[in-house]
Amino acid sequence: MAHVAEGGAGAAGGIQWLADWDGWFVGLTFARGIGPDELAARLGALPGVRPGPLGAPAAWSMVTETVDGDGVARVGRWGDWSFAVEHGLPAGAERLAEVSRGGVEAVHLDPQPDHPPKQFAYARDGELVCCFGLGEECWRGGHQPDFLLPELIAAKILTPDGACVRPGEEPYEEPYEERDRHTLAVLEHRFGLSLPRRLIEDTPLPAYVTCTR
């Protein structure tokens with residue numbers, strides 16, 4: 001099967017562009033240490049259900065034909081990371097620790113269009129390491145909630161004790177696009193994440209039906 005496998009980290013301009021993308025309605029799961037096919041399998045790809053290369057419109061159309069709770073994942077590789085563009089219910093949100101088993105690193109970005117803020121999670125070797133909402137970095141979860149604390153402090157997103165930079169203010173006071181861009185820049189640089197917008201929107205990619213049940 002042909003995978004998207006071109007360009008190095010940074011060749012696509014990173015992931016900060018997501019902050020300004022009005023059409024961000026798909027979950028994005030990245031995995032370093034496994035190929036796109038294995039990433040799809042760990043996301044719960046249904047055996048024998050292979051709709052063929054799909055662009056975004058065809059994937060969304062197929063979501064309407066799946067069983068409740070299923071989604072469609074379009075997969076490929078860019079730089080060091082395999083990626084899945086998840087249409088419908090994102091399996092990466094529930095399966096990230098499973099995706100990361102065996103020494104794999106996994107990152108999930110969920111736009112949460114119906115229930116902001118956008119969500120970030122990082123797992124490694126079968127364990128959820130760190131997670132938080134963009135703009136809510138002072139409320140972190142995971143087994144190592146302070147994993148990204150040095151980077152968030154250096155970016156002036158958090159104070160040295162892990163609190164919001166402007167105490168007493170709601171995180172949403174800053175324009176959300178700028179707020180999200182600051183955090184996406186931290187994630188981009190820390191993990192070397194980069195993904196061209198055209199791969200998500202326009203490029204037909206190998207696709208799988210995934211089950212979160």
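The structure presented is a predicted model; accordingly, all values stated were derived computationally and were not measured. Because only heavy atoms are used, hydrogens play no part in the values below, and waters and symmetry mates are left out as well, while side chains stay in.
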| said: Test salt bridge (charged side-chain N to carboxylate O under 4.0 Å, His left out) on Arg101 and Glu98; report intermediate values, then the result. | reply: CA-CA 5 Å; Arg101 61 182 167 79; Glu98 166 65 16; 2.6 Å; yes

So does [Y] get a backbone contact from the side chain of [X], meaning a donor-acceptor N/O pair under 3.5 Å?
{"X": "Trp78", "Y": "Asp80", "answer": "no"}
{"X": "Arg74", "Y": "Leu54", "answer": "yes"}
{"X": "Glu136", "Y": "Leu134", "answer": "no"}
{"X": "Arg140", "Y": "Glu137", "answer": "yes"}
{"X": "Ser82", "Y": "Ile34", "answer": "yes"}

| task | Assert yes or no for the condition that the ring centre distance of Phe191 to Tyr122 is strictly below 6.0 Å. | result |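 Distance test on ring centres: under 6.0 Å, yes.
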
| task | Just say parallel, tilted or perpendicular for the rings of His87 and Trp60, cut-offs at 30° and 60°. | result |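 His87 vs Trp60 ring planes: perpendicular.
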
| request: Measure the spacing between CH2 of Trp24 and CH2 of Trp17 and express it to the nearest 0.5 Å. | output: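 Taking CH2 in Trp24 and CH2 in Trp17, the distance rounds to 8.5 Å.
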
| query | If you measure from CG on Leu152 to SG on Cys138, what distance do you get to the nearest 0.5 Å? | reply | 10.5 Å

| query | Hey, does Phe120 have a side-chain heavy atom less than 4.5 Å from the side chain of Thr183? | reply | no

| message | I'd like to check Asp70 versus Val63 (side-chain heavy atoms, cut-off strictly below 4.5 Å). Are they in contact? | response | no

| said: Between Glu151 and Arg190, does the salt bridge (charged side-chain N to carboxylate O under 4.0 Å, His left out) criterion hold? Intermediate values first, please. | reply: CA-CA 8 Å; Glu151 288 88 349; Arg190 175 62 177 80; 3.1 Å; yes

| field | Intermediate values then yes/no, side-chain hydrogen bond (donor to acceptor under 3.5 Å, both in side chains), Glu86 and Thr29 | value | CA-CA 8 Å; Glu86 298 185 78; Thr29 298; 2.5 Å; yes

| Below 4.0 angstrom, N of the basic side chain to O of the carboxylate: do Asp180 and Lys118 qualify? | yes

| field | Ion pair check, Glu178 and Arg181, cut-off under 4.0 Å | value | yes

| said: If the condition is side-chain hydrogen bond (donor to acceptor under 3.5 Å, both in side chains), which residues does Arg32 pass it with, not counting sequence neighbours? | reply: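 Applying side-chain hydrogen bond (donor to acceptor under 3.5 Å, both in side chains) to Arg32 gives Glu105.
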
